[in-house]
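Reviewing the structure listed below.
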2 protein chains.
Amino acid sequence: MTEACDSDPARPPRTMSRDVRRQQVIEATIETLAAHGYARTTLTQVARTAGISHGLVLFHFDTKENLLSETLAYLAEEYRRNWTEALAAAGPAPSDQLNAMIEADFNPRICTPARLAAWCSFWGEAQSRPLYQASCGDKDDAYTSILEDTCARLSDEGGYGRDPVHTARLIRVAIEGVWLDLMTMATPYAREEALCTVQMAAALCFPDHFEMRKA
Amino acid sequence: MTEACDSDPARPPRTMSRDVRRQQVIEATIETLAAHGYARTTLTQVARTAGISHGLVLFHFDTKENLLSETLAYLAEEYRRNWTEALAAAGPAPSDQLNAMIEADFNPRICTPARLAAWCSFWGEAQSRPLYQASCGDKDDAYTSILEDTCARLSDEGGYGRDPVHTARLIRVAIEGVWLDLMTMATPYAREEALCTVQMAAALCFPDHFEMRKA
DNA sequence: TTTCTGATTGACAGGTCAGTCAGTGGACTG
DNA sequence: CAGTCCACTGACTGACCTGTCAATCAGAAA
């Protein structure tokens with residue numbers, strides 16, 4: 001019985017503020033989804049990962065369904081904020097903005113094995129649950145329209161004459177495709193390698209603004 | 001006791017009836033996965049879809065786990081045979097072969113909503129189940145190496161100087177990405193439109209051999 | 001200190017599901 | 001016709017999981 005030393009002043013307090021506890025449970029849910037998959041994610045397992053009782057999980061989230069949909073919303077919002085901030089930090093040139101959006105998707109902070117696996121779990125269930133489909137779809141709708149706009153401006157600026165809708169779609173599906181690779185392959189290639197693959201697509205579309213890097 | 005002579009065509013089709021029933025159950029499993037998602041796929045639901053008792057499902061497949069992994073193997077084999085046959089039917093030119101492999105992935109027979117949804121269900125669980133990961137991975141390994149070889153020959157023939165590994169990967173992730181679109185979008189674009197997106201990627205890589213069609 | 005409030009626990013109820021099993025029925029055989 | 005085989009059924013069991021609830025506990029307020 002080596003309970004954490006009661007004298008340790010750094011030990012987290014037994015009770016926590018509502019928001020802190022909720023975020024902790026959501027992070028535990030992401031970990032559990034990644035480790036066991038959607039079908040084997042139980043409240044008891046999430047609670048164990050978070051180091052609390054399963055009753056407390058329901059105290060904060062009412063139902064399992066609600067916990068999962070809030071977790072998805074959390075991931076979607078995290079994703080949105082990530083590329084929004086990257087876009088704001090990038091230069092005004094369309095090529096800089098396009099590159100910023102691409103690189104944002106491979107930011108080590110959000111492109112972790114656990115988060116990718118959690119996304120994949122939700123995709124697998126989304127088809128049969130309109131609630132999830134909405135979250136996944138909204139995430140993409142915003143991203144897509146900005147991406148199309150950026151591609152349109154870059155195409156105009158460089159005189160490429162590309163159709164922005166199809167160009168943006170190609171880049172977006174390339175990103176989702178390498179994500180799927182990173183998730184489902186037994187020994188996936190590096191995140192850097194994944195980024196290069198997408199940048200290769202951009203270089204093929206806009207050769208004067210992107211270079212074909214080799215991993 | 002001699003095994004039923006499944007090699008003897010004159011014999012009454014006792015074993016064949018067994019195979020027919022098994023395939024029927026597997027098709028019902030695919031339907032159920034698509035309609036309810038992996039987590040809500042129960043033996044009772046599969047049995048109801050197939051119009052039999054749930055005891056019979058277990059009679060033929062022993063365990064639920066086994067039913068699901070056999071369903072995945074069935075899908076993987078169906079996928080493999082589809083592109084293999086397409087390749088055999090195509091002309092010998094690398095560009096014909098590449099186009100055949102791409103078009104095969106959008107063959108209406110395998111690119112149905114139910115099958116795409118079933119694939120997605122398995123992807124969502126594969127991360128936490130080495131058994132599934134093997135089936136998904138093997139499927140891709142064979143496809144990838146042929147695709148890389150075809151890209152290499154096409155690149156040589158046309159003097160494109162493309163790196164076959166990265167080019168093949170881009171085309172493959174584009175395919176997987178549009179598949180994911182078709183699965184997760186509330187109102188996805190047409191299958192024909194998806195095919196065009198992938199062919200656009202091929203046209204960017206090999207402009208003298210593919211044309212940029214507009215949907 | 002006492003009181004109050006809200007976080008936290010864990011036992012429990014209700015329900016679902018995978019897997020078991022004894023028995024049924026139809027087809028084939030002798 | 002009697003016997004055998006085997007696909008097939010459906011009631012049943014044991015395990016597990018979600019959600020409830022009364023009791024407990026920690027910290028803030030009075």
Side-chain angles (χ1 to χ4, degrees), chain A residues 1 3-4 6-26 28-29 32-33 35-71 121 125 128-129 131, chain B residues 1-6 8 10-26 28-29 32-33 35-71 121 125 128-129 131:
Chain A
M1 54 187 74
E3 281 296 331
D6 302 14
S7 52
D8 186 356
R11 196 173 66 105
R14 195 183 83 104
T15 70
M16 284 184 166
S17 85
R18 187 179 162 78
D19 289 344
V20 169
R21 183 64 88 193
R22 283 172 62 91
Q23 177 160 351
Q24 179 198 359
V25 173
I26 285 177
T29 305
T32 307
L33 283 170
H36 301 90
Y38 188 102
R40 287 180 173 172
T41 290
T42 65
L43 291 178
T44 304
Q45 190 59 51
V46 169
R48 196 174 305 158
T49 303
I52 57 178
S53 71
H54 91 269
L56 187 53
V57 175
L58 286 165
F59 173 79
H60 282 295
F61 291 91
D62 294 343
T63 66
K64 182 187 181 185
E65 185 67 25
N66 188 47
L67 167 65
L68 289 166
S69 78
E70 288 212 32
T71 300
S121 295
E125 292 297 313
S128 59
R129 311 218 190 178
L131 192 69
Chain B
M1 166 179 284
T2 60
E3 283 297 324
C5 336
D6 35 13
D8 186 350
R11 208 85 174 143
R14 189 182 293 166
T15 58
M16 179 178 169
S17 131
R18 183 183 159 82
D19 287 345
V20 167
R21 183 43 57 92
R22 282 172 62 91
Q23 178 161 350
Q24 178 197 0
V25 173
I26 285 177
T29 306
T32 308
L33 283 170
H36 301 90
Y38 189 102
R40 286 180 173 172
T41 290
T42 65
L43 291 178
T44 304
Q45 191 58 50
V46 169
R48 195 173 306 158
T49 303
I52 58 178
S53 70
H54 92 267
L56 186 53
V57 175
L58 286 165
F59 175 79
H60 282 294
F61 291 91
D62 295 342
T63 65
K64 182 187 182 187
E65 185 66 25
N66 188 48
L67 167 64
L68 290 166
S69 77
E70 287 211 34
T71 301
S121 295
E125 292 297 313
S128 59
R129 311 218 189 178
L131 194 69

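Just so it is clear: chains get the letters A, B, ... in the order the sequence lines come, proteins before strands, and each one is counted from 1. Remember, predicted model here, so these are calculated numbers, not experimental data.
Legend: residues meeting salt bridge (Lys or Arg N to Asp or Glu O under 4.0 Å) with B:Arg22, ordered by chain and number and at least two apart, are B:Glu70. With sequence neighbours excluded, the residues satisfying side chain to side chain contact (heavy atoms under 4.5 Å, CB included) with B:Gln24 are B:Arg21, B:Ala50. With sequence neighbours excluded, the residues satisfying side chain to side chain contact (heavy atoms under 4.5 Å, CB included) with B:Ser53 are B:Leu56. Listed by chain and number, the residues in a side chain to side chain contact (heavy atoms under 4.5 Å, CB included) with A:Thr41 are A:Thr32, A:Leu33, A:Val46 (sequence neighbours excluded).
In this structure, A:Ser128 and B:Ala35 approach most closely via the heavy-atom pair CB-O, 3.4 Å. Of all the heavy atoms in A:Glu65 and A:Leu131, the pair that sits closest is OE2-CD2, 4.4 Å. Nearest heavy-atom pair across B:Phe61 and B:Asn66 is O-ND2, 2.9 Å.
To the nearest angstrom, C1' of C:dT9 lies 12 Å from CZ of A:Phe59. At whole-Å resolution of the value, CZ in A:Arg22 and P in C:dG6 are 16 Å apart. Rounded to an integer number of Å, the gap from A:Tyr38 OH to D:dC17 P is 15 Å. B:Phe61 places its CZ atom 14 Å from the C1' atom of D:dA7, with the value rounded to the nearest Å. Going from atom CZ of A:Arg18 over to atom C1' of C:dT8 covers 14 Å, rounded to whole Å. Whole-Å rounding puts the B:Arg21 CZ to D:dT9 C1' distance at 12 Å. Across the protein-nucleic acid pair, B:Leu56 atom CG and C:dC21 atom P stand 17 Å apart, rounded to whole Å. Rounded to an integer number of Å, the gap from A:Ile52 CD1 to D:dT24 P is 21 Å.
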What do the steps show when you test A:Val25 against A:Ile52 for side-chain contact (heavy atoms from CB on, under 4.5 Å), and what is the final call? CA-CA 9 Å; A:Val25 173; A:Ile52 57 178; 3.8 Å; yes
Using the 3.5 Å cut-off, write out each protein N or O paired with an N or O of nucleotides 22-27 of chain C and the distance between them.
none

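Listed for the A:Glu125 side chain is no donor-acceptor partner under 3.5 Å among the backbone atoms of A:Tyr38.
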The contact string for nucleotides 14-20 of chain C, one letter per nucleotide 5' to 3', using protein heavy atoms under 4.0 Å with B, S and - for base, sugar-phosphate only and none, comes out as ---SSBB
